[in-house]
Amino acid sequence: MDKYQPKNFEEKWYQRWEQANRFAPSGDGTPFSIAIPPPNVTGTLHMGHAFQHSLVDSLIRYRRMKGNNTLWQMGTDHAGIATQLIVTEQLAAEKIKPSDLGREKFVGKIWEWKEKSGNTISEQLRRLGASLNWETERFTLDEGLSRAVLEVFVSLYEEGLIYRGKRLVNWDPVLKTSISDLEVASDEEEGHLWHLRYPLADNPKEFVVVATTRPETMLGDTAIAVHPEDPRYKALVGKSILLPLTERTIPIISDSYVDQEFGSGCVKITPAHDFNDYDMGKRHGLEIINIFNEDASINEQAPKKYWGLDRYEAREIILKDLEDMGMIEKVEAHMLSVPRGERSGVIIEPYLSNQWFVKTKPLAEPAIKKVEEGEIEFIPKNYENTFFVWMRDIQDWCISRQQWWGHRIPAWYDNEGKVYVGRDEEEVRHNNHLKDDFFLSQDEDVLDTWFSSSLWTFSTLGWPDRTIELKTFHPTDVMVTGHDIISFWVSRMIMMALKFVEEVPFKKVYVTGMVTDANGQKQSKSKGNGLDPLDIIDGISLDDLIVKRTTNLLQPKMAERIAQNTKREFPNGIQTYGTDALRFTFYSIATRSRTIRFDMNRVEGYQHFCNKLWNAANFVFINTIEGEIGNGVSNNDVIDKWIVSELNHTIQLVDQAMDRYRFDLAAKAIYEFVWDELCDWYLELVKPILNNPEIDNQLVQTKRFTLITVLEQTLRLAHPFLPFVTEELWQKLPGKIRGEGKTIMSQPYPSLNQTLIDPSAKLDITWIKEVVTGTRNIRGEMDIPHSTPIPIIFANGSDMDKSRLYEFQSLLEYLIKPKEIQWSESTDKQPPSSTHLVGEMQLLVPLKGLINKELEIIRLDKEIERKINDKSRTAKKLGNNNFISKAPLEVVNKEREKLIEIDSALTKLKEQRLKIASL
RNA sequence: AGGAAUGUAGCUCAGUUGGUUAGAGCAUCGCCUCGACAAGGCGAGGGUCGUCGGUUCGAAUCCGACCAUUCCUACCA
């Protein structure tokens, strides 16, 4: 058999599965379904996706093999702003602006781009082995889902849960659109606090000083505010000031929102450009003056001098003008949190505009209730708090975007600006009895992408039609996603599903940790520390990796640093690991922690594991290919009973782990079974029988049968986690063992057979392990090579030891490679030896010609010291009357027995040391 | 500012309702080509479980305070 080379077979198997339509739901088992969090259609797979989808795929494959009628619903998201941005940038390279093309042509360009690059992510998912049902793949802008969006919009509007209004929203002046609170990220940045002097209207020689971080907004000030209790300013309340640079006089008001301690204790109020000021403006009936255009340049509400200036140009000039007038008291350095648009990276402006909103409170209440009642369960549970905190203080959701790519808002306006909402223009005219020549124009805006995503679990299943799919697979069983998406998406799906299909969208929410780089840094394009999962699967050279990380950077000056960091982290690039190794890594690191540092060393370790499994299978094939494989009629010996018992124990562990979404524990159980039990012990224990021509053929056949059936079950057990290598190996099994099945992925999952758990077999094997490990310890410590046979004496053993030696002597001879094994009733008159204790029994390896006396004394001293420590710990416990009287009897007895054992061992070791020392 | 999470070996992480000597992988150090596997085998070293207190016969585990890191929410102009 060839070496383990994942690239030789991984893609092949995926193609065969897909061609044979293995990913479609089938059978009449209990339905089990998961909806994929729709990736951005024009995006690429990042490590977080690969991680989540690997977890989901194991759940899906596990359930499918368990006989569930299983659906993993595939689909992608149109990602409005992100996609429009990409295409806009591409056109910019050809010096074309979207406005040059007009709406229709521009949207056409995006569709072209979608057709071209839309399957990148699908191909990546295939490489991951994701057993998604491609047949029913959906896209948020396709006909069916668009129908669902219309239906929901119209019905929420009719119920008064969608409304249009002029509000202050987060405005991206580069993208020229509103964005939701969630798409704004605030970070601390260095700035300044300018203290400006505003002269009093009735006494322009006197000033009130206000502090601001955004001096340019002063052009839109409509009041200044002080705290009602502030003695410095009490007398001024009700007076007015002359707003510099403008011709306006504005009032001084009092409001307890003002913090007396901050700045001068006096704050300028700009209702059109600050959320708090907006609220305050409403409270006091202040004028609202918007001084910005859509691109945040100064508009005609400001003095002519500043018209058309960009907000930051305007700032400089305004400051200079104020300075010239002597109106700047002082400037301080100041850290402030600056809101930036997630997509464009520019500073977001609060901006007054007409927008559409969803009234969320009435939708949130039932959603909160379902989670409280446990109908939806978050795993880990504490993420429910994140959900509750968000939902209990939920703000209305601004759903209109001033973009072209997306679901156009189904609202029409007449000449007077009256709004008509309906599924299409025809319906609007009909319902409102409007003649065909009555002027109507449709709203230019599109809906927030998350609006369509919020319908995802049911719109993908055919809603608003009551399809059989919807009936069968909704609610879905679990949603697997990152914590950053709980408020964006999870909460909104819950609200919408409850509203429109009157059931929860999923029963469980498994919140994964966030995959970071080896330094715990979030992976991102701008930091240049992101990894493409395919580069771990296929490998990539250092040069290619640097190119990949440094092209299309938003900040090109970062390129040099990114290249340096990449060189340091991956001096030799990334080698080829294959999908299975990557996947197994994901399972192993899927613990309950919220950040997961991705460590390439672990991928390497799990690649070795795949290799180990490969080679173990190879061993099995070599030993079963020629001779007869028995029929399983058991004259199983204790060794076979033991490995079957271990296998069943592992099956149990995997089931328990999967029930609790502990992918790490499932992976660990499989890893340990394959490597530590099957490879390290069972295959070794079986060799002397398989390779011995004198052994009874019946026994050899039984061994072969156990060997190959244990392998076959192990492959099935591991398949959800290692889909490719298990399929490749399973296909090499003889048909007699494999059965009629065409693929491992449709075979039944191994299930626990409690009657095969055999504790007594385990005790026997444990004894063998102890004896073998004991002699290996002596060999290892004494540097005696495996090739040198050593004489060994079993002294002072019990009847049980004796009978076990009798039973397993030939095995032990194979494993220990002794010159001979002697049995001795007592330790008297034995030659000076190196000793290892197995319970009461002593393993003796005579020193003569093999072992250095001093080395043995050192080894014994180490052992003795350990025992002395144990003894004092145990004796101390037993010397404590409180322990004796309060601890449970069995714990006390355990300690008593332990003390006896330690004492006996200690005595023997000390005797032994005396004996050696006296030589 | 409020809320949450995390802190265990050099690194990345397990450790279930408190109960043998706190485990694994990687890394380190010896020895070994023995017919599945050097992507391997065997052996060894390595930890005051963030700090301090409390509860308890007994604490990595439960409670409190503090320190450090991280995230979320709200932001003081």
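Letters A, B, ... mirror the listed sequences (proteins, then strands); counts begin at 1. The analysis underlying the following values was restricted to heavy atoms, covering all of them including side chains, and did not include hydrogens, waters or symmetry mates.
- Comparing Lys817(A) and Gly605(A), the nucleotide of RNA chain B nearest to each residue sits closer to the 5' end for Gly605(A).
- Across C57(B), U16(B), G43(B), the shortest atom-to-atom separation from the side chain of Arg660(A) is found for U16(B).
- Taking each heavy atom of Val603(A) and Thr585(A) in turn, the nearest pair found is CA-OG1, 3.3 Å.
- Contact annotation: Arg597(A) does not reach the phosphate of U70(B) (side-chain N/O to OP1 or OP2, under 4.0 Å).
- Nearest nucleotide to the Leu336(A) side chain, out of A77(B), A39(B), G43(B): A77(B).
- In this entry U61(B) has no Watson-Crick or G-U wobble partner, no candidate having both defining distances under 3.5 Å.
- Ranking U21(B), A36(B), A5(B) by closeness to the Asn382(A) side chain, first place goes to A5(B).
- Here Lys687(A) reaches the OP1 or OP2 of A36(B): one of its side-chain N or O atoms lies under 4.0 Å away.
- No contact: Cys610(A) has no heavy atom under 4.0 Å from any strand.
- Here Asn880(A) does not reach the OP1 or OP2 of G58(B): none of its side-chain N or O atoms lies under 4.0 Å away.
- Nucleotide C37(B) is matched to nothing when pairs are restricted to Watson-Crick or G-U wobble geometry with both distances under 3.5 angstrom.
- Of the side-chain N and O atoms in Arg662(A), one or more sit less than 4.0 angstrom from OP1 or OP2 of G15(B).
- Arg859(A) and Ser834(A) share a donor-acceptor pair across their side chains, judged by distance under 3.5 Å alone.
- Between G41(B) and Lys612(A), a contact under 4.0 Å exists linking OP1 or OP2 to a side-chain N or O.
- The C1' atoms of A24(B) and C49(B) are separated by 16 Å, rounded to the nearest whole Å.
- For the C1' atoms, the distance linking A38(B) with U33(B) amounts to 8 Å, nearest Å.
- Ile486(A) has its CD1 atom 19 Å from the P atom of G3(B), to the nearest Å.
- Using a 4.0 Å heavy-atom distance criterion, Arg873(A) is classed as a sugar-phosphate-only contact.
- The side chain of Asp870(A) lies closest to U21(B), out of A77(B), G43(B), U21(B).
- Distance noted for atom P between A59(B) and G53(B): 13 Å (whole Å).
- When the side-chain nitrogen and oxygen atoms of His608(A) are compared with OP1 and OP2 of A38(B), none of them lie within a distance under 4.0 Å.
- Considering only the side chain of Asn611(A), C37(B) comes nearest among C37(B), G19(B), C13(B).
- Nucleic acid contact class of His195(A) (heavy atoms, under 4.0 Å, all strands): none.
- The gap from the P atom of C29(B) to that of C67(B) amounts to 41 Å, rounded to the nearest Å.
- Comparing C57(B), A39(B), C71(B) against the side chain of His483(A) picks out C71(B) as the nearest.
- Summarising the base pairing, G43(B) is matched to C29(B) through a Watson-Crick or G-U wobble pair whose two defining distances lie under 3.5 Å.
- Residue Lys3(A) places none of its side-chain N or O atoms closer than 4.0 Å to OP1 or OP2 of A36(B).
- No contact: Val389(A) has no heavy atom under 4.0 Å from any strand.
- The residue Val620(A) sits apart from the nucleic acid: no heavy atom pair falls under 4.0 Å.
- Between G3(B) and C66(B), the two P atoms lie 12 Å apart (nearest whole Å).
- In this structure, Lys862(A) places its NZ atom 8 Å from P of A44(B), rounding to the nearest Å.
- The side chain of His786(A) places no N or O atom within less than 4.0 Å of a non-bridging phosphate oxygen (OP1 or OP2) of C31(B).
- For the OP1/OP2 pair of A36(B) and a distance below 4.0 Å, the side-chain nitrogens and oxygens of Trp675(A) include no atom meeting the criterion.
- If you check every strand for non-hydrogen atoms under 4.0 Å, Ile884(A) touches nothing.
- Rounded to a whole Å, the CG atom of Asn615(A) is 13 Å from the C1' atom of G41(B).
- Within the shown strands, G50(B) is the pairing partner of C66(B) under the Watson-Crick or G-U definition, both distances less than 3.5 Å.
- Between Tyr661(A) and the options Phe378(A), Tyr587(A), Tyr510(A), a ring pair (Phe, Tyr, Trp, His ring centres under 6.0 Å) holds for only Tyr510(A).
- Atom CZ in Phe883(A) sits about 13 Å away from atom C1' in G18(B), given to the nearest Å.
- A cation-pi contact, defined as under 6.0 Å to the ring centre and within 45° of the axis, links Arg392(A) to Phe388(A).
- Each of G19(B), U21(B), U12(B) was ranked by its minimum atom distance to the side chain of Pro888(A); first place goes to G19(B).
- Ile394(A) pairs by the side-chain contact (heavy atoms from CB on, under 4.5 Å) definition with Thr360(A), Lys361(A), Ala364(A), Trp390(A), Met391(A), Met495(A), not counting sequence neighbours.
- Base contact: Glu684(A) has a heavy atom under 4.0 Å from a base atom.
- Although no hydrogens or angles enter the test, the distance criterion places no donor-acceptor pair under 3.5 Å between the side chain of Thr788(A) and the main chain of Ile784(A).
- Taking atom P in both U69(B) and U61(B), one finds a spacing of 23 Å when rounded to whole Å.
- Using a 3.5 Å distance cut-off with no hydrogens or angles, the side chains of Asp221(A) and Tyr198(A) do pair a donor with an acceptor.
- Residue Asp259(A) is in base contact, counting any heavy-atom pair closer than 4.0 Å across all strands shown.
- Looking only at atom types and distance, the side chain of Lys876(A) has no donor-acceptor partner in the side chain of Thr874(A) under 3.5 Å away.
- As rounded to whole Å, 14 Å separates atom P of G41(B) from atom CZ of Phe619(A).
- Closest to the side chain of Ser337(A), from the set A39(B), G45(B), C75(B), is C75(B).
- Look at CD on Glu890(A): it is 15 Å from C1' on G58(B), rounded to the nearest Å.
- Comparing Val772(A) and Gln5(A) by the nucleotide of RNA chain B that holds the closest heavy atom to each, the one mapping nearer the 5' end is Gln5(A).
- In the set C57(B), G43(B), G41(B), the nucleotide with an atom closest to the side chain of Asp680(A) is G41(B).
- Minimum atom distance to the side chain of Arg602(A) is reached by C13(B), of the listed C13(B), A14(B), A77(B).
- For Lys817(A), the NZ atom sits in a packed shell: over 12 heavy atoms of surrounding residues, nucleotides or ligands are nearer than 6.0 Å.
- Under the Watson-Crick and G-U wobble criteria, each requiring two contacts below 3.5 Å, nucleotide G2(B) is paired to C72(B).
- Among the protein residues, Lys894(A) comes within range of no part of the nucleic acid, since none of its heavy atoms lies under 4.0 Å from any strand.
- Rounded to whole Å, the separation between the P atoms of C63(B) and C26(B) comes to 35 Å.
- If you measure from atom CG of Asp484(A) to atom P of U70(B), you get 18 Å, rounded to the nearest angstrom.
- Between Phe51(A) and Phe598(A), the ring center distance fails the sub-6.0 Å criterion.
- Whole-Å rounding puts the Ile790(A) CD1 to C31(B) P distance at 18 Å.
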